[in-house]
Amino acid sequence: GKAMMSSAMGAFWMSGVFFFWWSTVSVAFVLPSCRLRPSGESRRPMAATLAPPQEEEEAAVTTTPTFSSPQTQQRESGSLPSMTFMSEAQALEVAETFGTPCYVYDAKTLASRAEEALAFPNRYGLTVRYAMKACPTGAVLRLFDEMGLHFDASSTHEARRAIKAGIRPEKISLSTQELDGDFADLVELGVSVNACSLRQLEAFGEACRGKEVGIRFNPGVGSGGTSKTNVGGSGSSFGIWHELKNDVKRIADDYDLALVRVHTHIGSGSDPAVWQRVAKMSLELCDFLGPSVTTLNLGGGYKVTRVASETATDLQKIGAPVAGEFEAFFERTNTKLRLEVEPGTFLVANAGSLVARIDDIVATDERTFLKLDCGMTDILRPSLYGSQHPIVVVKRRREPASDDAAAAREKASYVVVGHCC
């Protein structure tokens with residue numbers, strides 16, 4: 001598939017890459033493949049373009065792509081994982097041409113995941129909004145735009161970034177914890193807003209009296225792999241607590257606001273029963289706010305498989321009962337609501353790699369460490385969530401297959417670490 005490269009700015013939220021694995025792993029490694037970086041050489045992740053695969057060259061690079069189940073299953077069987085969309089020759093070319101660390105994205109995988117999201121079960125219309133905080137790289141945004149996706153921005157800065165990338169403002173929805181003072185300018189451009197607190201709703205009314213607005217509710221229930229990815233329930237600050245719905249109506253009436261959208265997001269979970277329950281509760285909020293509501297946004301948080309221990313969300317499985325709830329709502333109220341979903345990580349996590357160099361090798365009496373030229377400055381998930389991702393080592397020099405001593409040196413146990421103290 002066609003591959004593309006990112007600019008570094010903002011791309012460290014790319015969830016499908018990994019470099020910082022705090023467990024002992026077996027990797028293919030030859031000592032001459034280590035190249036120490038010259039003093040003063042830039043460490044900023046670079047942008048690049050891949051050429052077609054060529055003959056393998058001598059280079060020193062560790063690549064850390066993401067993997068779907070077949071690759072991660074290799075680990076369980078004792079074999080080493082391999083790269084999914086990039087050849088070793090291409091990884092070497094990226095490292096030598098553009099430097100490291102460097103993000104690499106696969107357009108074919110991105111398009112395939114977008115098509116899967118666009119097939120989310122629905123009854124009366126669907127809008128798929130890419131949660132661009134997952135990876136705000138311009139090339140990724142434009143690819144999804146061409147496929148018909150809309151966009152969810154979690155800050156005014158993200159909204160402006162999307163506009164600069166060529167996204168039409170009317171395709172952008174803003175749901176943010178911090179509603180900056182310039183939000184009204186974005187509304188004038190065509191960006192839609194979901195008020196995430198009563199104060200935000202008041203501020204929107206003061207600046208945009210008589211306009212349309214969405215409401216993000218906390219429905220009182222959440223779901224997530226960890227407490228850090230559960231953004232619903234009484235322990236979460238995201239959205240207006242559902243029991244304050246009367247205050248929402250009062251403020252909307254005060255400023256003559258049209259409540260056109262209900263937004264809920266419960267976190268990173270895959271339980272169909274929870275999604276059905278939240279959909280039903282959210283539909284009750286739509287009914288309460290009245291016929292001005294035309295859209296229900298159920299957020300995203302769909303899980304992906306990076307390693308064998310993780311289970312991916314089946315969109316068809318969780319979407320089918322949700323579609324049934326929309327149909328039941330129509331039968332009860334004679335209102336056909338449009339469904340919105342907001343996948344982020346789901347779309348990009350297995351479409352990206354981070355190419356990095358082994359900068360140094362150090363040892364203690366217990367472990368040998370491979371120090372890479374990247375760290376939490378380039379990807380945050382391991383530090384935030386303790387996440388693990390597969391690692392592949394690309395060697396710059398191949399030992400003769402007949403050299404038994406060299407073959408024995410190829411496998412050893414290492415701890416792979418980043419450059420941040």
Legend entry - 4.5 Å side-chain heavy-atom contact, H242 and E284: no
Inset, instruction - Mark yes or no for whether R357, through its side chain, and A95, through its backbone, hold a donor-acceptor pair below 3.5 Å. - result: yes
Inset, instruction - Please round to the nearest 0.5 Å and tell me the distance separating atom CZ of F85 and atom CD of Q90. - result: 9.0 Å
Inset, instruction - State whether the side chain of T305 and the backbone N or O of A312 hold a donor-acceptor pair below 3.5 Å, judged by distance alone. - result: yes
Legend entry - Short N-O contact, R113 and E116, less than 4.0 angstrom: yes
Legend entry - For R338, the option from T127, N297, T294, N122 that meets side-chain hydrogen bond (donor to acceptor under 3.5 Å, both in side chains): T127
Inset, instruction - Look at the rings of Y302 and F346 and say which category their plane angle falls in: under 30° parallel, 30 to 60° tilted, over 60° perpendicular. - result: perpendicular
Inset, instruction - Enter the distance from D360:CG to F369:CZ here, rounded to the nearest 0.5 Å. - result: 12.0 Å
Inset, instruction - Using modelled atom types only, decide if a donor and an acceptor are shared between the side chain of D256 and the backbone of R209 within a distance under 3.5 Å. - result: no
Legend entry - A363 backbone acceptor or donor facing T368 side chain under 3.5 Å: no
Legend entry - Carboxylate-amine/guanidinium contact K280 E325, below 4.0 Å: no
Legend entry - Flag, side chain of Q316 to backbone of A119, donor-acceptor distance under 3.5 Å: yes
Inset, instruction - Could you tell me whether the side chains of N350 and T109 share a donor-acceptor contact shorter than 3.5 Å? - result: no
Legend entry - Cationic N near anionic O, under 4.0 Å, E188 to K211: yes
Inset, instruction - Side-chain contact test, heavy atoms from C-beta onward, threshold under 4.5 Å: evaluate it for V348 versus Y130 and give yes or no. - result: yes
Inset, instruction - Could you tell me whether the side chain of V128 reaches within less than 4.5 Å of the side chain of F120, counting heavy atoms only? - result: no
Inset, instruction - Give me the one residue out of F329, F330, Y124 that meets side-chain contact (heavy atoms from CB on, under 4.5 Å) with L337. - result: F329
Inset, instruction - Kindly indicate whether the side chain of I361, heavy atoms from C-beta on, has any atom under 4.5 Å from the side chain of L370. - result: yes
Inset, instruction - Any chance you could measure E202, atom CD, to L257, atom CG, to the nearest 0.5 Å? - result: 9.5 Å
Inset, instruction - Grab the two heavy atoms, one from A153 and one from A159, that are nearest each other, plus how far apart they are. - result: CB-N, 3.7 Å
Inset, instruction - For residues Q200 and T176, report the shortest heavy-atom separation together with the two atoms involved. - result: NE2-O, 2.8 Å
Legend entry - Note, V248 side chain near L198 side chain (heavy atom, < 4.5 Å): yes
Inset, instruction - Would you mind telling me which of H265, H263, H150 makes a side-chain hydrogen bond (donor to acceptor under 3.5 Å, both in side chains) with E342? - result: H263
Inset, instruction - First locate atom SG of C420, then atom CG of L372, and finally report the distance between them rounded to the nearest 0.5 Å. - result: 11.0 Å
Legend entry - Gap between atom OG1 of T333 and atom CG of L283 - 0.5 Å precision: 8.5 Å
Legend entry - Non-hydrogen side-chain atoms of F288 and K249 separated by less than 4.5 Å: yes
Inset, instruction - Would you give the length of the straight line joining atom CG of L179 to atom OG of S197, rounded to the nearest 0.5 angstrom? - result: 8.0 Å
Inset, instruction - Kindly indicate whether the side chain of L149, heavy atoms from C-beta on, has any atom under 4.5 Å from the side chain of L347. - result: yes
Legend entry - K171 backbone acceptor or donor facing R129 side chain under 3.5 Å: yes
Legend entry - Option from T137, D378, V355 for which side-chain contact (heavy atoms from CB on, under 4.5 Å) with Y103 holds: D378
Legend entry - Residue of the set T377, D373, D359 for which side-chain hydrogen bond (donor to acceptor under 3.5 Å, both in side chains) holds with H419: T377
Inset, instruction - Could you check if a side-chain atom of D180 sits within less than 4.5 angstrom of a side-chain atom of H157, using non-hydrogen atoms only? - result: yes
Inset, instruction - Determine yes or no for a side-chain-to-main-chain donor-acceptor pair under 3.5 angstrom, with Q276 supplying the side chain and G324 the backbone. - result: no
Inset, instruction - State whether the side chain of S292 and the backbone N or O of L259 hold a donor-acceptor pair below 3.5 Å, judged by distance alone. - result: yes
Legend entry - Under-4.0 Å salt bridge between R250 and D247: yes
Inset, instruction - Considering non-hydrogen atoms only, spot the tightest contact between P219 and M281 and give its length. - result: O-CE, 2.7 Å
Inset, instruction - Determine the minimum heavy-atom distance between L174 and S154, stating which atoms define it. - result: CD1-C, 4.3 Å
Legend entry - Side-chain donor/acceptor of R161 to backbone N/O of P136, under 3.5 Å: yes
